[in-house]
Amino acid sequence: MLPVPENCFVPISEIISVEETELNKKQRNIGKWQKMTKLHAFTVYYVKKARNHRWRCSDVTFWCVDEHLCNQWIQALKELLEMQKSRPKQLLVYINPYGGKRQGKRIYEQKVAPLFSLASISTDVVITEHANHAKDNLFEVNIYKYDGVVCVGGDGMFSEVMHGLIGRIQKDSGIDQNNPKASLVQCNIRIGIIPAGSTDCICYSTVGISDPVTSALHIIVGDCQPLDVSSVHHNNMFLKYSVSLLGYGFYGDILKDSEKKRWMGPMRYDYSGFKTFLSHHYYEGTIAYQPAKHTLGSPRDKDSCRTGCYICKKSEQQLAEQHKDCGLKHEEGEEEWKVIKGKFLAINAVNMSCACPRSPKGLSPAAHLADGSADLILVRKCSRFDFLRYLVRHTNQDDQFDFPFVDVYRVKSFQFTSKLSEDNESNVMDIGKKRFGQFCRDHPACCCNIVNSTWNCDGETLDSSAIEVRVHCQLMKLFARGIEENCKDEAAYSQNSAEQLL
Ligand SMILES: Nc1ncnc2c1ncn2[C@@H]1O[C@H](COP(=O)(O)OP(=O)(O)OP(=O)(O)O)[C@@H](O)[C@H]1O
Ligand SMILES: CCCCCCCCCCCCC/C=C/[C@@H](O)[C@H](CO)NC(C)=O
Ligand SMILES: [Ca+2]
């Protein structure tokens with residue numbers, strides 16, 4: 001620990017860098033120092049924690065008359081920083097210049113790059129030229145020479161980088177992603193998210209704020225947060241991975257509509273959200289799920305997943321034991337499946353709380369980042385007024401699951417088939433039904449359920465409505481530490497930059 005002014009301590013792990021400081025003429029000549037001989041100084045840059053999980057880079061300069069002592073301090077602190085082995089030295093950075101408000105490049109250049117340089121992190125930067133550029137590139141480059149990959153953009157950009165990294169690791173390990181039962185190989189190359197998108201849900205849910213400087217500092221100090229990843233398959237064909245929301249019905253329809261209005265920027269979700277709310281479509285289908293019996297928590301818990309979460313730690317231990325005696329691993333197929341048929345306005349499966357600036361507690365406030373489970377939320381057909389009451393609870397403190405038309409289950413896998421695909425499978429030649437489906441989509445006031453919705457998978461659409469989903473416990477890692485408990489003594493964190501005499 002290094003004391004900084006007025007009883008504030010900074011752990012070595014939160015020091016960004018130490019630099020010798022050139023004292024200019026003005027500094028040398030001020031007040032009482034005037035009479036002294038030559039002064040020596042060094043500056044410590046450190047993480048200053050502000051309100052609402054925001055981090056800033058602050059600095060304190062230590063002055064000294066003894067050059068040797070000053071150098072000893074610099075040397076000792078640099079050695080301590082060298083011992084922080086989890087810190088990245090070389091990063092691969094992908095910037096989506098078109099995400100969110102199209103500010104990705106500016107945010108990186110003005111707010112993030114100077115901090116990386118201060119922390120002596122070297123970077124290879126790729127500004128993406130088209131969708132899937134980052135994903136494809138990750139299959140070509142030597143990823144193993146990097147300590148991490150950074151994406152500057154939103155949830156969609158993160159999803160691309162995650163698919164590139166996880167896909168590459170499976171390819172290099174000879175794992176077939178199309179096999180829904182495959183034991184996927186964990187990806188140990190961490191991903192850092194610099195938020196510059198429209199929702200930035202993954203960043204917000206893992207850091208507690210959507211703020212580029214805060215995220216850059218979490219990368220610099222080498223934080224590590226394991227993350228559950230769901231694999232999504234259809235008929236033994238791999239579709240996508242998901243870490244935040246897999247949403248059918250309401251959130252799928254919003255996404256489909258909003259994709260046509262990308263030019264509106266983040267506002268497109270509000271516009272399409274309102275339109276989708278008015279259309280009030282419900283969808284008929286069957287859900288089968290396997291409850292997550294291994295995990296200690298429940299979706300109705302009052303406590304949320306926080307830094308050092310013991311529920312996620314327990315899952316980590318279980319995972320390590322599974323890896324140790326993988327021959328004895330419990331077969332998922334043996335465990336019971338529960339089946340629910342119904343008419344749904346929304347089916348939301350979330351691997352994390354899905355907190356974001358629009359919904360600060362998220363769609364499932366007690367979901368865990370790394371417990372090997374997802375919360376499956378079923379919102380059954382109800383009146384528009386009731387659905388509005390449900391949506392409003394995304395934005396306030398009230399219990400979102402305390403409605404007779406909402407059910408929530410903690411699951412480790414699930415399957416969904418829409419009534420339409422079931423009917424089509426039983427009579428593929430029944431073209432009349434498909435035509436009728438089209439007719440009803442053209443008449444939103446009808447609210448009928450003949451057509452399929454689309455799955456919203458972390459902000460990307462899926463091509464199939466019938467899906468099989470399996471949660472892979474802690475398949476990947478982020479440069480984050482989960483949301484920290486609010487510091488009781490925030491005043492202690494609000495010191496300004498200052499100077500200190502050794
Ligand atoms: N140069 C590019 N041109 C066009 N599309 C791109 C480019 N680079 C990346 N993309 C794609 O843009 C999509 C959306 O990007 P991103 O997630 O950064 O922003 P967003 O959709 O506004 O935010 P959010 O996902 O948080 O709602 C991603 O799926 C990504 O594949
Ligand atoms: C009338 C009140 C309406 C309140 C609506 C609240 C909306 C909350 C939005 C929460 C979305 C959280 C899930 C995140 C999903 C992302 O993966 C995805 C891509 O960024 N974003 C969206 C909007 O689909
Ligand atoms: Ca989880």
Side-chain angles (χ1 to χ4, degrees), residues 1-50 54-91 108-123 147-148 150 192 211-224 479 481 484 487 489-502:
M1 290 276 206
L2 185 76
V4 294
E6 306 192 25
N7 301 327
C8 180
F9 286 82
V10 177
I12 295 297
S13 61
E14 288 173 10
I15 290 181
I16 298 159
S17 77
V18 182
E19 278 182 3
E20 192 179 347
T21 311
E22 279 296 315
L23 292 175
N24 60 35
K25 244 190 193 155
K26 202 171 146 204
Q27 281 171 313
R28 263 189 245 136
N29 291 337
I30 49 170
K32 55 188 174 181
W33 302 113
Q34 219 165 3
K35 295 186 195 88
M36 290 191 178
T37 52
K38 192 167 185 279
L39 275 174
H40 303 275
F42 67 91
T43 301
V44 175
Y45 297 87
Y46 64 96
V47 170
K48 188 176 83 171
K49 296 186 180 180
R54 192 182 299 276
W55 283 14
R56 284 290 171 263
C57 171
S58 198
D59 59 85
V60 54
T61 299
F62 295 84
W63 297 23
C64 181
V65 283
D66 182 342
E67 185 178 8
H68 181 63
L69 180 62
C70 185
N71 287 337
Q72 273 185 319
W73 269 95
I74 296 172
Q75 189 58 28
L77 287 170
K78 286 201 165 165
E79 277 168 18
L80 283 170
L81 287 182
E82 268 304 306
M83 284 160 68
Q84 308 291 306
K85 291 293 174 216
S86 61
R87 292 190 175 202
K89 288 190 164 66
Q90 199 168 3
L91 293 171
Y108 182 76
E109 282 166 1
Q110 291 182 5
K111 300 188 170 184
V112 179
L115 287 173
F116 284 173
S117 145
L118 182 67
S120 305
I121 294 175
S122 61
T123 52
D147 304 308
V150 172
D211 175 63
V213 170
T214 305
S215 291
L217 294 172
H218 279 284
I219 295 171
I220 288 169
V221 302
D223 275 346
C224 183
F479 283 109
R481 58 172 67 170
E484 289 183 292
C487 178
D489 183 16
E490 283 185 328
Y493 287 129
S494 57
Q495 310 288 336
N496 288 325
S497 307
E499 292 172 345
Q500 173 106 346
L501 198 64
L502 283 175

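- Taking CZ from F479 and CD1 from I219, the interatomic distance works out to 6.5 Å, rounded to the nearest 0.5 Å.
- In this structure, the separation between CD1 on I74 and CZ on F62 is 11.5 Å, given to the nearest 0.5 Å.
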Starting from the C-alpha separation in whole Å, work towards a yes-or-no answer on side-chain contact (heavy atoms from CB on, under 4.5 Å) for L81 and I16. CA-CA 8 Å; L81 287 182; I16 298 159; over 6 Å; no
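- Panel note: side chain T21, backbone T43; a donor-acceptor pair is recorded below 3.5 Å.
- Interatomic distance, CD1 of I220 versus CD1 of I15, reported as 13.5 Å (0.5 Å rounding).
- Classification of the H218-W55 ring pair by plane angle, with boundaries at 30° and 60°, yields parallel.
- Residue N71 holds its CG atom at 8.0 Å from NE2 of H40, rounded to the nearest 0.5 Å.
- With E14 as the fixed residue, the salt bridge (charged side-chain N to carboxylate O under 4.0 Å, His left out) test singles out one of R87, K48, R481: R481.
- Here the straight-line distance linking atom CZ of F42 with atom OG1 of T61 works out to 9.0 Å at 0.5 Å rounding.
- A salt bridge links R56 with D211; the closest basic N to acidic carboxylate O contact falls under 4.0 Å.
- The distance from the OG1 atom of T214 to the NZ atom of K111 is 9.5 Å, given to the nearest 0.5 Å.
- Here the shortest heavy-atom pairing between C57 and L115 reads CB-CD2, 3.8 Å.
- Of the options E79, K78, Q72, a side-chain hydrogen bond (donor to acceptor under 3.5 Å, both in side chains) to Q75 is made by E79 and by none of the others.
- Here the closest heavy-atom approach between residue G222 and residue P88 is recorded as CA-CD, 4.0 Å.
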